[in-house]
Amino acid sequence: MKDAAEAILAVVAQVPRGKVTTYGAVAERAGWPRRARLVGRVLAALPAGSKLPWHRVVAAGGRIALPAGAPARDLQVRRLRREGVAAPNGRVDLHRHGWRSPAGDLDRWLWSVGDEN
DNA sequence: CAAATGACGGGGT
DNA sequence: AACCCCGCCATTT
């Protein structure tokens with residue numbers, strides 16, 4: 001599973017400031033569809049002073065996944081806030097801050113490939 | 001070895 | 001919107 005962790009961390013590292021993505025989306029982009037939980041475990045194992053923007057990863061629907069009361073949760077919310085991403089009620093608006101990979105969307109790609117007919 | 005446990009997700013009530 | 005339930009699966013009990 002070590003390779004998976006590597007791919008996941010690589011994806012998280014790409015999430016730009018002021019944008020957020022979801023566990024499921026990260027898993028998908030990392031090449032491990034439906035393994036959102038794995039993403040959660042990998043991030044949970046992150047060393048204390050990691051430089052990765054783990055705070056830009058939220059649960060489906062924009063929910064902050066960390067349990068209420070967890071110190072890391074507050075840190076995440078503060079960091080997001082500092083980047084201009086508000087999280088009222090422990091929620092971020094994905095329509096507004098959701099990360100759309102720059103012009104390389106998977107759906108778009110799937111459509112443009114099979115048009116050689 | 002069986003059961004519980006999550007930084008998850010989606011569908012149903 | 002708030003829950004509940006179930007599928008998911010490596011780890012921990």
Side-chain angles (χ1 to χ4, degrees):
Chain A
M1 290 299 298
K2 197 152 169 96
D3 45 335
E6 180 127 359
I8 288 169
L9 296 179
V11 171
V12 174
Q14 298 187 318
V15 184
R17 245 181 87 90
K19 292 292 176 186
V20 299
T21 186
T22 67
Y23 295 91
V26 170
E28 180 95 4
R29 282 177 65 82
W32 292 82
R34 297 181 285 304
R35 305 313 281 299
R37 252 180 153 134
L38 175 57
V39 175
R41 282 200 309 276
V42 170
L43 293 190
L46 231 47
S50 176
K51 165 56 183 127
L52 250 76
W54 55 267
H55 59 282
R56 303 192 186 130
V57 183
V58 300
R63 262 182 34 256
I64 300 294
L66 284 135
R73 180 186 176 106
D74 292 330
L75 177 57
Q76 175 170 33
V77 174
R78 278 199 307 278
R79 284 186 175 179
L80 287 176
R81 188 83 197 46
R82 187 162 51 178
E83 300 182 0
V85 179
N89 311 321
R91 280 283 173 118
V92 308
D93 185 343
L94 288 181
H95 274 307
R96 224 169 31 138
H97 308 103
W99 177 42
R100 309 275 187 273
S101 53
D105 199 57
L106 177 60
D107 294 319
R108 187 188 307 286
W109 179 72
L110 287 174
W111 266 114
S112 61
V113 172
D115 61 10
E116 58 244 43
N117 241 14

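Numbered from 1 within each chain, the chains take letters A, B, ... in sequence-line order.
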Output a table of donor-acceptor pairs, distance under 3.5 Å, between side-chain atoms of residues 55-69 of chain A and any protein atom two or more places apart or on a different chain; print 'none' if there are none.
unit_1 : atom_1 : unit_2 : atom_2 : d
A:H55  : NE2    : A:E83  : OE2    : 2.8
A:R56  : NE     : A:E83  : OE1    : 3.0
A:R56  : NE     : A:E83  : OE2    : 3.2
A:R56  : NH1    : A:V15  : O      : 2.7
A:R56  : NH2    : A:E83  : OE2    : 2.8

Sort me out a list of protein N/O and nucleotides 1-3 of chain C N/O pairs below 3.5 Å, or just none if empty.
none

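- When all heavy atoms of A:P16 and A:W99 are compared, the pair lying nearest together is CD-NE1, 3.3 Å.
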Using nucleotides 7-11 of chain B, report all nitrogen or oxygen pairs with the protein that are shorter than 3.5 Å.
unit_1 : atom_1 : unit_2 : atom_2 : d
B:dA7  : N3     : A:Y23  : OH     : 2.7
B:dC8  : N3     : A:R37  : NH1    : 3.2
B:dC8  : N4     : A:R37  : NH1    : 2.8
B:dC8  : N4     : A:R37  : NH2    : 3.4
B:dG9  : OP1    : A:G24  : N      : 2.7
B:dG9  : OP2    : A:A60  : N      : 2.5

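- To the nearest 0.5 Å, atom NZ of residue A:K51 and atom CG of residue A:L46 are 12.0 Å apart.
- A gap of 22 Å separates the P atoms of B:dC1 and C:dC8, to the nearest Å.
- For residues 3-10 of chain A, proximity to DNA chain B is found at no residue, defined as any non-hydrogen atom under 4.0 angstrom from a strand atom.
- The residue A:R35 sits close only to the backbone: its heavy atoms come under 4.0 Å of sugar-phosphate atoms, none of a base.
- Comparing the P positions of B:dT5 and C:dC4 gives an interatomic distance of 16 Å, to the nearest angstrom.
- Here the CG atom belonging to A:L75 is positioned 12.5 Å from the CZ atom belonging to A:R73, to the nearest 0.5 angstrom.
- Here the shortest heavy-atom pairing between A:P88 and A:A86 reads CD-C, 3.4 Å.
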Name each donor-acceptor pair under 3.5 Å that joins a side chain in residues 17-25 of chain A to protein atoms two or more places apart or in another chain, with its distance.
unit_1 : atom_1 : unit_2 : atom_2 : d
A:T22  : OG1    : A:A25  : N      : 3.1

Quick one: side chains of residues 30-39 of chain A, donor-acceptor pairs under 3.5 Å with protein atoms, not counting sequence neighbours, listed by atom name and distance.
none

